[in-house]
Colleague: 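A single structure is presented below for examination.
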There are 2 protein chains.
Amino acid sequence: MKKAQATRLNILQKAFELIYSKGYQTTSIDDIIATTEVTKGAFYYHFKSKDDMGLAIIEEILKPALTSSFITALQSKENPIDGIYSLLYNILMNNDYFKVEYGCPVANFASEMTPWNSKFSHVLEELTKEWIEVMINTVEKGKKDGFIRQNVNAKHVSTFIMSGYWGIRNFGKIENDKKAYLPYLEELKIYLNTLS
Amino acid sequence: MKKAQATRLNILQKAFELIYSKGYQTTSIDDIIATTEVTKGAFYYHFKSKDDMGLAIIEEILKPALTSSFITALQSKENPIDGIYSLLYNILMNNDYFKVEYGCPVANFASEMTPWNSKFSHVLEELTKEWIEVMINTVEKGKKDGFIRQNVNAKHVSTFIMSGYWGIRNFGKIENDKKAYLPYLEELKIYLNTLS
DNA sequence: ACAAAAACATACTAATTAGTATGTTTTTTG
DNA sequence: CAAAAAACATACTAATTAGTATGTTTTTGT
């Protein structure tokens, strides 16, 4: 019950990298077992289907990694305006787990799977709602602490910011250059300051 | 030289609908010829490959349709703040060519094709740059006409707005309900008013 | 140590894929 | 009207796909 978990995790991680760079549909199981150097038997011992593995990637790789870094980044600054900006700046400019040319893995999954696969839709909805909730709470706390105006709607602001993030990720993919992020970040900073 | 063009256009339109709802990879040529009721011979007479057809969809269907409606919507109001808001409101809430559950066709293409297909990346980059340019010009005109502050950076603002649009489209896909657009639109209105 | 279960390996299958080879029909043009 | 080119039709192919059937090896509990 130790080595087996390691191979399972190895499959998930390697498969994630392949899917993140090539997309879910274009990543075949043969691709995955070739790069992980496990056999098909091992793969289907751990996952009952390709979709089962895809969902496990979201639940076991993306969800914990992103949610924790999301929360700590937001809480790193006293003023949520600084917290939100530094979260987005760092995730776009300094994170080298994410690549400009590949966009946001969650947005990619959503874009590719969502209309025709309800299981994926569901876990992705849960995940994004969790993020929005975290950001809403941050904004509300900022209102209580006097950093943000009382008439700011936390849900609207959070949705607005998350949308911009997903969108600029797609721009980055197209332009294939982190420089594409800069105009967005500049305007984000100005926008965030209007909330105080 | 008349009926042939009609079949070509028919293929492009039906293929677009399939791709818009299911994605490019998951739409097979057999799918396309089944719904268009043309044969494989006809298909490959008009397009030399699947990618050739995909690019034709962008160039001949999406580009003209979107760019023209984009420009006229932006110019419909004297104040660009109203113009931009009504453009986004209408494209999100009133356009029934686009479906919530399928998102933005251009963003879908970008998300799915961009990292591994440079030809698609290129035409999509051209297309989005064109939109950004149009919006920049609108904002600049608004500055000249006194509707928008002089210290507003038109490029930053345009990129910021376009990002938000693409992102909220992805949210809509996940939530599968136009209501997901409303918090975004409310905050967009507030943001746009800070530009005046 | 040994049986049983867990973990992995190999060789297949049936379906689907983009694309082609080779036709026939329809239009156009001289 | 006839030949040539354009437009479409049919039947294939070779590769790839997710998934399975049937093994062997390794680990675990007793």
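A, B, ... follow the sequence lines: proteins, then strands. Residue 1 opens every chain.
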Colleague: If the sugar-phosphate is the primed atoms plus P, OP1 and OP2 and the base is the rest, what is the B/S/- string for nucleotides 8-19 of chain C, using protein heavy atoms under 4.0 Å?
Modeller: BBB------BBB
Colleague: Has B/Lys189 got more than 12 heavy atoms of other residues, nucleotides or ligands less than 6.0 Å from its NZ?
Modeller: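 Open: at most 12 neighbouring heavy atoms sit under 6.0 Å from NZ of B/Lys189.
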Colleague: Given the ring of B/Tyr24, does B/Lys50 sit roughly above its face, with NZ or CZ under 6.0 Å from the centre of the six-membered ring and within 45° of the axis?
Modeller: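 Yes - B/Lys50 lies over the ring of B/Tyr24, closer than 6.0 Å to its centre and within 45° of its axis.
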Colleague: Any strand is fair game: report the nucleotide pairing with C/dT22 by Watson-Crick or G-U wobble, both distances under 3.5 Å, or none.
Modeller: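 Base partner found: D/dA9.
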Colleague: Near B/Lys178 NZ, under 6.0 Å, is it more than 12 heavy atoms from other residues, nucleotides or ligands?
Modeller: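 More than 12 within 6.0 Å, yes.
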Colleague: Just checking B/Phe160 against B/Tyr191, ring centres under 6.0 Å apart?
Modeller: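 Close enough - the centres of the two rings lie under 6.0 Å apart.
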Colleague: Under 3.5 Å for both donor-acceptor distances, Watson-Crick or wobble: does D/dA15 have a partner, and if so which one?
Modeller: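 With both distances under 3.5 Å, D/dA15 matches C/dT16.
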Colleague: Could you state the interatomic distance from OG (A/Ser121) to CH2 (A/Trp116), rounded to the nearest 0.5 Å?
Modeller: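 So the gap between those two atoms works out to 9.5 Å.
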